[in-house]
Every structure is written in C-alpha cells, then in structure tokens.
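Input: a single structure, listed below in structure tokens.
First listed ligand is number 1; within each ligand, the first listed atom is number 1.
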Amino acid sequence: MGIRTQTLLIIGMATMVLLGVSLAGAYRVVGRGYRELEEVHVTENLKRTVAALKVELADLDETVHDLADREMSCALVQGRHGAFDTSGIVNSTFAIHRLNFIVYLDLNGRVCFGDAFDLATGSRLGLPPSLRAAVEVRSPLTSHAAVADTVMGVLRAGTRYMLVASRPILAGGKKESICGTLITGREITTQLIGRLGGTAQLSLDLFDANDSSLPPPRPHTASGFTPDISRIAIKSLGHGRIAGYAWFDDVGGGSGCVLRAAMPREIYHRGRIATNTLMGILVIAILIYGLVVVSLLDRRVLRRLADMTHRVSNAATRRGGMERKAEEGRDELGELSHAVAGMIEPRATTAHATKHLAAMDAATEGIAIMNDEGLYLYANRAYVGLFGYDRPHEVIGGHWRDHFEEVEAARLDEGAFRPLAVVGRWRGEAVARHADGAEIDIELSLTGLPDGGIVCQGRDVREQRQARRERKSLELKLRQAQKLEAVGTLASGMAHEFNNILTSILGFTELTRKALPEDHEARRPLDKVEMASHQAAHVTGSLLAFTHKDPTSKARVDGCEVVRASAAMLEPILPGSIELILELPDRPAWIQADPRHLQQALVNLSVNARDAMPNGGRLTLRLRETAGDEVPDRAVLEIQDTGIGMTPEVVERLFEPFFTTKGLGSGTGLGLAVVHDIVKDHEGMIQVHSKPGQGTLVRVCLPSVMEREMVGTF
Ligand code: ADP
Ligand code: MG
C-alpha cells in the first residue's frame, strides 16, 4: 500500500475515531449536565410541594397554639368544668380551622376529649378507633418536655394519613407548667393534595411508604427540606414525565407516606434537542476539518510525493521527466525533488547513451566515428565486419588509412576528405583492403561533426558492382548479336549471289576446257581460274556456314577420323616449311558432331596457324579425352603452332567477325567467328592461350558420347 493511501486511510480513521469520541463524550457530558439540571428542577419542585405542606402544618400549628392557650383547654384536661368542658368546641371550630380532628390528652396520655369532623358534610363523626390508637401511643406527639414544645408531622391512622400538630396545654396565669396535650389534625385528602399541586402547578400523589412500585429512596442532600423528610427519589415515569418522591415518616415512629410530584420532562427534551443540534454541528465541523486536512495534505505533500516517486522510478527510461518538474515548490519537498533530479540526471543520460550505442551496434550498415586526426573512436560490428574483423576494438584506435592501399588512400585524401572539409559531406565509392588481403568495393558516406570528427558509413557494394558488370557485358553481347544478325543477313545474301556466279564461272570454265585440245596453252590459265573459283567457293561456303544457312547434320563420329580427314585436306595448302604432327589416341574418341563442320573449324584454325608461321614451324593437331567417373566425359581437341603468337588485345577480339590483322585481301576476319559458331553449335567450349612470339594453343572441348550408348548403336 502506498504512503498516500496509508496516510489518507489513517487520517480518515482518526477523523472517525475523533468523531466517535467527541459524540460519546459530548453526549455524556451534555447529557449528564441536562440530567443534573433536570434533577435540580425536580428537587426544586419537590421542595415547593414540601414547602406548601409545611405551610399547612404551620397553619395547623398556629391553630393548635390558639386552642391550647385557651383557659378552657386546661380546665378540660384537668376535668374542672364538667359538661362545659366541650361546649367551646363547636362545629365551626373544625370548619374555620379546616380540622379533621381534635384530641385533648391529660398528663397520663389519656384522651379527655376527641372528636372527628367531616369537612365536606359538616358533621361530627366521633374519634375513630384507629386514630385513638395512634394518639394514645406514647410518642413525641403526646409527651412534651418543655412548655414551648411543638410537634408537627404526618400521622398514620389505619389507611389514612393526617397532618398533625401537637402542643402542650399550659396551666395557670404564668403558663409555666404543662397540664396536658392538644393534638389537631387535617387529613391528607385528594382535595388537599389537589390544592397543594395547584399551588405548585404539579401533579401530586400520595403513596404508602411500603408501596412496592416506589423507587429506592436515597438520603437527600438538597437543602430546604425539613429534617423529618430524610429521603427523596427521582424517577422517570415514561411518556415524557418525571417524578420526585419525598418520604414522610410517621411522627409516632412507624412507616409513613410518600408524596410524589410528577411533571413533564421539559428540560430533558430541550436538552436532547440542544445536544442533538450540538452533535450535528460537531459532526459537520469534524467532517469539514477532516476533509480540509486530507485535501491539503494530499495536495501539498502526498500527491507531490507520489508524483516524485513515479518520476524517480521512470527517470532512467524517460529522460527529462525529472528535471521538468524539479523546480516545483520552494519547500522541503521541492528541494528533495531537486536533489533527486540532480542525482538521477547523469544516470538517465548514461542509460540513454547505452541505448543509442546498442542501436548503432545493431545497425546493418557500417557506422564509425573518427576524430579530427582520422583515428577511429567508435565502430559498430557491421563496420568492422566490412573490413573482415570480428570485434570493434580491433579497429578502434587505428587510422582509416590502415584499411586502404596507399594509392587509394591518397585518392580518398584528395577526392573525399578535401571536399568533406569544405562541404561537410561526401559520398562515393572506394576500394578497401580486406583483412585477408582481398580488395573490396565499398560505398562510403562521410559527414563532418562540429568538433572536427567524422561520421563514416560504409557498405559492401561488391555484389552491386558485379551485377553492373554483368549487365554491361550482356548489353555488349546483345549489341554484338544484333550486329552479327545484320552482317549475317547481308553476308548470306551476298554469298548466294556469289555462289551462283561462281557456279556459272566453274561451268563455263569446264565447258571451255572441254572445248580446248589437251595441249592448248590456255588450259593452264583456265586451271588457275578454276582453282581461284574453288577458293572463292570456299569463302562463300565459310560465309554460309557462319550465317547458319548451311544446316548441320550431327551424328556419332570418331573424333580421330575427323582429325585425320582434316589433316588430309590441309596437306596441299601447308608449305613444306611447316611440319604437321598428329597426336591421336589409340582408340576411337566418340563425339556427337557434324564432321563436315568440325573439319571446317579445324581447317580454319590450322590455316591461321599456318599464317602465323610464315617462316615455318610446327603445327600439332592433338586429340585426347578427359576422364569422367566411369567413361570419358570430354573430347579435347588442341591445335598448337609455334608461330608469332598474339597480344592480349588481339586475343580479346579474336572471335569478332571481320576482325583481322591481315592486310586487305589476305584475311576476311571470319575464320574464327565461324569456328566459334561451330563450337557453340556442338555445345562445346573454346580457349585460346597465346603470347607474342611464343606460339598459340587453341583448345576445343566437346562433350563425349558415353560408351554404353555406343554399344547400343553398333
Ligand atoms: P583472318 O585469318 O581472315 O584474319 P581469323 O578470324 O581467322 O581471320 O583470325 C583473326 C585474326 O586472329 C587473325 O588476323 C590473326 O591476327 C589472329 N590469329 C588467328 N589465329 C592465329 C594464330 N594461330 N597465331 C597468331 N595469330 C592468329
Ligand atoms: Mg583465318
């Protein structure tokens, strides 16, 4: 997980925790505050209720004080007035003072007078036994120690509860001695409670202290209650109401009653609304805070950090990515980015250069870089391979001249490097020296560099050159063929015409000779005419053979026989100064040939040999066979003379038709052209070896006919 994600996650989580803690804390604190406030409110109301009750008691006390002070009260408890005793206590006494009962006790705690009164109906009820029992028990209510003693409180009488006040009845004018006790009471009725509640604007209820539905009481700490209320409780009633409970102990010492003051939970509800509003504001505030912190942190730190990490990791491959943004921000991150860019830049450059070098090394064209002195600083594999080396270091450090002959290097100095210095570029061809010593044709392209160095690109163009040469030679051959075609057509036409003329010359010569007697002197010149005509016929024959007008008829023939027949034809035309030698194999040398044409070729070659030996010499006609795997595969015919020989220029043009070195009338220049055609027609090959003054050897190779096939023929 990236640092950015982690940080955002942590801040998000921290914000949530902060929110949770704040909400819980706020609810607790504010909630408790409102609860306490509510308790105070409830307690205050309870106090007001109790205060109202105390007002009742005070009223009761005042009444009992009034009645106890009367003279008739003392007389009543002392039994001094007889029937008069109770005449002063009339219905109006009860009604005016809102008393439910009045009890007079003597010093012994005996009831001297006691009566109850129904305030609603205004009738006397007589003292109920439960009340009598309650007042006759000796208790703080009935026994007063001092003349100013006053006892007030709640008294339980059966199932009813009374507010009671008790005072000592004093004797004599000085009122210094106690002669009895007067107790007055007012029943805590629903009406009374309703009145009290109305005063305090509360809903009041009275419960027996032993009622199981009461909440557990607690000793109250709030001031304002009279000491006889020792316990209070506060309890929610549901339905948006709450109640305060006050315990009233029985003044006689038994269990008393509980007053409940119920009221709506206004404070609580207002508190809830206030707390919720506060919480809402808090949530929004914390969320806004969190978002602001996250976005600021993200924008100012995290995103830049992530961006920087990304750029650092990419810097080696994408040069320039780092320094373009390194300036951003003048804080610590900006400085860090700057520092990292500074560190990475050289590495990125190196990585880049390495890639360039690798690309150059992989190029198929030879590339080299030279310094201004012509020394190689760099050469790729293709470049060193051009000169026959395997590794660049075999070339790097050396001079370009090392790979050229001196003459060629000088030519390049003049023709390439000089224009390069002027124009900045040069392109052309050169002949370099291969590592194995051979010459190689290369195409060079030189480009000048600002520091004086030179980029040199080289390419092997041997194949292109060879192809160019072949194309030239083919063009030449085509032109030659076209020339021959034209010459051939002309020559064959002339030869035909000439033949017709010769036939008539020979015919008329023959007729003339027949018409002349044997010893006629004109016969000799006629013989010369006939001979010359035959020679002319031979020339036209050559012409016709050359132009292919004379059809070939090939057959399997013995090469030796052909040579012998040719030699016989040669005898008359060879001068005595030339020795004719035949070198033939013992057995027949079978070839597929037209014997007439082959003889013609042999005669032509021999006549040339004769002409090359004006002072005599030796003419050898040789036939041999070259050995194949099982049977001879070639018959080799050699015509060798010891004549004047030829220069290479003559050899080169030997087979051109009409090429002759002999004077006009002596040579036609067709002899060897015919030989060439005949050999070609026989699918053979012809070679000429000659040097001036060293004679000439013409070798004609013809394919042999296999012996196996021969066996089948004969
Ligand atoms: P021609 O004999 O009519 O001149 P060819 O075609 O027979 O024509 O020969 C061409 C040329 O080749 C000759 O003129 C001659 O110069 C040269 N030549 C041919 N054969 C020989 C040879 N055996 N020795 C020297 N030169 C020769
Ligand atoms: Mg000739």
Original post:
Taking only heavy atoms of Gly671, which atoms of ligand 1 are found under 4.0 Å from at least one of them?
Top reply: 5 (P), 6 (O), 7 (O)
Original post:
When you measure from atom 6 (O) of ligand 1 to every protein heavy atom, which one gives the shortest distance, and what is it?
Top reply: Leu672 N, 3.0 Å
Original post:
Any side-chain heavy-atom pair from Lys554 and His682 closer than 4.5 angstrom?
Top reply: yes
**OP:** For Ala612, take its heavy atoms, then give the atoms of ligand 1 lying under 4.0 Å from any of them.
**Re:** 22 (C), 24 (N), 25 (C)
**OP:** For residues Trp400 and Phe387, establish whether the separation of their ring centroids is below 6.0 Å.
**Re:** no
Original post:
Are any of the side-chain heavy atoms of Val562 and Gln599 separated by less than 4.5 Å?
Top reply: yes
**OP:** Determine, for Arg587 against Glu625, whether the closest basic-nitrogen to carboxylate-oxygen distance falls under 4.0 angstrom.
**Re:** yes
Subject >> Atoms of ligand 1, numbered as shown, that sit under 4.0 Å from any heavy atom of Thr660 >> reply: 1 (P), 4 (O), 14 (O)
Subject >> Carboxylate-amine/guanidinium contact Glu394 Arg391, below 4.0 Å >> reply: no
Subject >> Protein residue, atom and distance nearest to atom 2 (O) of ligand 1, heavy-atom basis >> reply: Lys662 NZ, 2.6 Å
Subject >> Closest to atom 23 (N) of ligand 1 among Val675, Asp641, Leu619, Leu654 (heavy-atom distance) >> reply: Asp641
Original post:
Just wondering, is there an N, O or S atom on Thr660 that's nearer than 2.8 Å to the Mg ion (ligand 2)?
Top reply: no
**OP:** Answer yes or no: is there an ion pair linking Asp611 with Lys662, defined by an N-O contact shorter than 4.0 Å?
**Re:** yes
Original post:
Between Thr696 and ligand 1, which residue portion shows a heavy-atom distance shorter than 4.0 Å: side chain, backbone, both, or neither?
Top reply: side chain
Original post:
With a 4.5 Å limit on heavy-atom distance, are the side chains of Thr540 and His496 in contact?
Top reply: no
Original post:
Counting from 1, what ligand 1 atoms have a heavy atom of Gly645 closer than 4.0 Å?
Top reply: 25 (C)
Original post:
Nearest to atom 10 (C) of ligand 1, what protein heavy atom do you find, and at what distance?
Top reply: Phe659 O, 3.3 Å
Subject >> Aromatic centroids of Tyr383 and Tyr376 separated by under 6.0 Å >> reply: yes
Subject >> Part of Leu605 with heavy atoms under 4.0 Å of ligand 1, whether side chain, backbone, both or neither >> reply: neither
Original post:
Considering only the protein, which heavy-atom contact is closest to atom 8 (O) of ligand 1, and what is its distance?
Top reply: Gly669 CA, 3.3 Å
Subject >> For atom 18 (N) of ligand 1, the protein heavy atom that lies nearest, with its residue and separation >> reply: Met646 SD, 3.9 Å
**OP:** Give the numbers and elements of all ligand 1 atoms closer than 4.0 Å to a heavy atom of Thr661.
**Re:** 13 (C), 14 (O), 15 (C), 16 (O)
Original post:
Does Glu583 come within less than 4.0 Å of Arg624, counting only side-chain N to carboxylate O?
Top reply: no
**OP:** Identify, for atom 20 (N) of ligand 1, the protein heavy atom at the shortest distance, and state residue, atom and that distance.
**Re:** Asn608 CB, 3.1 Å
**OP:** Answer yes or no for Gly643: is there a heavy-atom contact with ligand 1 below 4.0 Å?
**Re:** no
Original post:
Quick one: do Glu408 and Arg433 make a salt bridge, cutoff under 4.0 Å?
Top reply: no
